[in-house]
Amino acid sequence: MTDAAFLDAHNARHVWHPMAHPREMEQAPPLIIERAEGVHVVDHRGHRAIDAVGGLWNVNLGYSSEPVKRAIAAQLDVLPYASAFRGTTNAPLIELSEQLTRWLEPEGMRRFAFTAGGSDSVEVALRLSRQYWKLTGQKDRTKFLAFRKGYHGTHFGAASVNGNDRFRRPYEPLLPGCFHVPFPWTYRNPFGETDPAKLARICLGLLEEEIRFQGPDTIAALIFEPVLGAGGVFVPPEGFVRDVVDTCRKHGILVIADEVITGFGRTGSWFGSRLWGVRPDLMCFAKAITSAYFPFGAVGIGEGVERAFMEAGAAGGIYSGYTYSGHPVGCAAALAALAETRRLDLAPRAARTGAVLKAGLEALAARCPEIGEVRGIGLMLAMECVADPATKAPADAGFMARLLDGAWEAGALIRTSGNVAILSPPLVLEEADVPRIVEALEAGFAKARAG
């Protein structure tokens with residue numbers, strides 16, 4: 001264990017942290033997580049708190065899953081690495097692909113490409129969708145549609161389809177031909193519409209209009225999150241996702257479901273696509289596939305896309321991959337993590353615990369006027385924080401920083417993004433843990449309010 005005094009003295013000054021200004025680490029020292037157990041994390045000073053963020057939406061099994069740790073150790077003893085490039089494979093990779101085919105039979109995913117994470121998976125899906133249209137003789141189909149507020153990663157292609165300028169503007173110009181349409185969010189929208197069904201119709205109409213304007217025969221795919229996650233946790237109105245998919249089908253546009261967050265149970269359904277009853281052409285996975293015990297990702301490939309590649313000549317070669325694609329240790333971790341996820345029946349558990357947590361947040365909102373809206377589904381929840389409930393003016397950065405610190409001091413690690421507090425705890429969270437999270441949040445709001 002590293003000496004606490006040493007950590008305080010050096011204070012991570014040599015690290016540039018993702019999603020932060022380098023100067024922040026000098027002005028406000030980062031929280032140093034020393035160890036973790038179950039659903040708790042412990043800092044280098046010994047302070048213990050519930051990880052109400054679940055790592056980054058990904059530690060679904062918590063921090064003490066012995067079957068996953070044993071699987072990783074056993075695989076390291078046998079085969080710590082093997083390339084999955086042309087001509088070689090490994091046994092865990094073969095077994096995992098077969099397992100995933102069974103997991104995703106309702107969605108019709110028949111083949112899988114493997115990656116080292118979510119951004120990788122999105123990148124591969126975008127590439128495959130463009131290649132698909134070249135193979136089928138429609139080379140003009142190169143454009144991508146996505147939703148505002150959506151988040152799809154940080155690679156150039158993934159950042160290009162992100163619907164938030166924070167992740168785009170510093171790196172522009174990005175991939176050309178990426179266009180964004182509004183997502184139906186009733187709390188804030190430019191139409192002043194608070195009825196979910198009416199707002200969904202407006203957004204669907206704008207999608208149709210954008211397709212017509214761009215020309216359907218120029219659009220390769222639409223990428224979407226079944227529930228928008230990092231952008232602020234937005235649950236689409238009932239029927240909206242099905243209508244979006246039907247619109248794409250009408251115009252011959254491929255559908256890519258970004259299930260990096262929603263895959264394997266977080267919404268209370270095993271997959272976000274299944275939650276809404278849709279069958280995408282491609283599906284992106286990461287995070288829960290190994291419950292964060294190993295960096296790993298995958299892309300599911302539906303029958304129609306598969307057929308185009310299988311029937312093509314040399315142009316059907318897959319020239320998109322990574323050194324760590326199909327890593328045997330990652331595959332072993334995924335096999336064990338998915339077995340535990342199934343054994344513990346985590347999807348319905350997330351639905352039950354999530355409902356209790358959401359109710360607790362709604363009760364908290366009645367006591368805290370700074371909470372403008374509570375939203376979410378399963379164990380992906382958010383609180384929109386406001387300076388003025390009447391005008392919905394967003395809470396400022398200082399308020400959110402004090403909220404974060406106050407909640408941590410009171411026993412819960414949360415995440416803030418702009419004026420939104422995000423909760424995505426491990427799916428093994430017990431209902432008995434929920435009151436402690438709510439109490440910590442209440443203490444956080446008290447500190448934030450005091451200034």
Side-chain angles (χ1 to χ4, degrees), residues 36 38-41 50-65 67-68 100 103-104 106-107 118 151 225-230 232-236 238 241 257-278 283-293 334 336-364 374-383 412-415 420-438 441:
V39 298
H40 294 83
V41 291
I50 294 175
D51 180 6
V53 191
L56 273 175
W57 315 83
N58 56 347
V59 190
N60 286 17
L61 292 169
Y63 293 94
S64 304
S65 181
V68 181
L100 289 173
W103 271 87
L104 289 149
E107 286 72 36
Y151 179 81
E225 297 170 276
V227 177
L228 275 61
V233 185
F234 303 104
V235 183
E238 180 64 40
V241 171
D258 182 346
E259 298 259 11
V260 170
I261 287 174
T262 56
F264 304 105
R266 182 156 292 281
T267 67
S269 178
W270 284 118
F271 300 96
S273 300
R274 198 171 301 177
L275 175 68
W276 305 121
V278 298
M283 298 175 74
C284 303
F285 305 105
K287 297 192 184 292
I289 198 169
T290 61
S291 195
Y293 284 63
L338 296 182
E340 277 296 279
T341 298
R342 182 77 81 183
R343 184 183 72 82
L344 295 170
D345 209 18
L346 289 187
R349 181 167 170 176
R352 293 191 300 271
T353 311
V356 174
L357 180 54
K358 189 176 183 184
L361 298 181
E362 288 169 342
L364 180 62
V374 172
R375 56 181 179 261
I377 188 170
L379 280 173
M380 51 187 306
L381 298 161
M383 296 176 293
L413 175 61
I414 65 170
R415 183 185 180 203
V420 179
I422 293 175
L423 302 177
S424 52
L427 303 194
V428 294
L429 187 80
E430 301 282 353
E431 288 187 22
D433 296 320
V434 169
R436 300 210 300 276
I437 294 174
V438 176
L441 286 167

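- Using a 4.5 Å heavy-atom threshold, the side chains of Val428 and Leu346 count as touching.
- Between atom CZ of residue Phe271 and atom CG of residue Leu104 there is a gap of 4.0 Å, rounded to the nearest 0.5 Å.
- Annotation: the span from Asn60 atom CG to Ile289 atom CD1 amounts to 11.5 Å, rounded to 0.5 Å.
- Under the rule for a side-chain hydrogen bond (donor to acceptor under 3.5 Å, both in side chains), Glu431 has no partner lying at least two apart in sequence or in another chain.
- Going from atom CZ of Arg274 over to atom OG1 of Thr267 covers 10.5 Å, rounded to the nearest 0.5 Å.
- In plain terms, the two heavy atoms of Lys287 and Val260 that are nearest each other are CB-O, 3.4 Å.
- Classified by interplanar angle (parallel below 30°, tilted 30° to 60°, perpendicular above 60°), the ring pair Phe285/Phe264 is tilted.
- Not a single donor-acceptor pair under 3.5 Å links the side chain of Ser424 to the backbone N or O of Met380.
- Of all heavy-atom pairs between Pro67 and Glu340, the closest is CG-CD, 3.6 Å.
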Problem set entry | Candidate pair Val59 and Val39, rule side-chain contact (heavy atoms from CB on, under 4.5 Å), full reasoning | CA-CA 9 Å; Val59 190; Val39 298; over 6 Å; no

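- Here the straight-line distance linking atom CD1 of Ile50 with atom CD1 of Ile437 works out to 4.5 Å at 0.5 Å rounding.
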Exercise. Leu423 and Leu441: side-chain contact (heavy atoms from CB on, under 4.5 Å), yes or no, with the steps?
Worked result: CA-CA 11 Å; Leu423 302 177; Leu441 286 167; 3.9 Å; yes

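- Across every non-hydrogen atom of Ile261 and Ala230, the tightest pair is CD1-N, 4.1 Å.
- Between atom OG of residue Ser291 and atom CG of residue Asn58 there is a gap of 7.0 Å, rounded to the nearest 0.5 Å.
- Annotation: side chain of Val235 is in contact with side chain of Ile377 (closest heavy-atom distance under 4.5 Å).
- Nearest heavy atoms, Gly376 versus Lys358: O-NZ, 3.3 Å.
- Side-chain atoms of Tyr151 and Asp258 form no donor-acceptor pair, as typed in the model, at a separation below 3.5 Å.
- Taking all atoms of both residues into account, the shortest heavy-atom contact from Arg349 to Leu344 is CD-O, 4.5 Å.
- In this structure, the side chain of Arg375 does not engage the main chain of Phe234 through any donor-acceptor pair within 3.5 Å.
- With 3.5 Å as the limit, one finds no donor-acceptor pair spanning the side chains of Glu430 and Thr353.
- Here Leu379 contributes atom CG and Arg352 contributes atom CZ; the two are 10.5 Å apart, rounded to the nearest 0.5 Å.
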For this session: Take Thr341 and Leu61, measure what side-chain contact (heavy atoms from CB on, under 4.5 Å) needs, and give me the verdict at the end.
Result: CA-CA 7 Å; Thr341 298; Leu61 292 169; 4.1 Å; yes

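- You'll find the side chain of Val420 stays beyond 4.5 Å of the side chain of Val233, heavy atoms only.
- For Ser269 against Ala347, the heavy-atom pair with the smallest separation is C-CB, 3.9 Å.
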Exercise. side-chain contact (heavy atoms from CB on, under 4.5 Å) between Arg342 and Trp270: does it pass, once the steps are laid out?
Worked result: CA-CA 10 Å; Arg342 182 77 81 183; Trp270 284 118; 3.9 Å; yes

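- A donor-acceptor contact shorter than 3.5 Å links the side chain of Glu259 to the backbone of Gly272.
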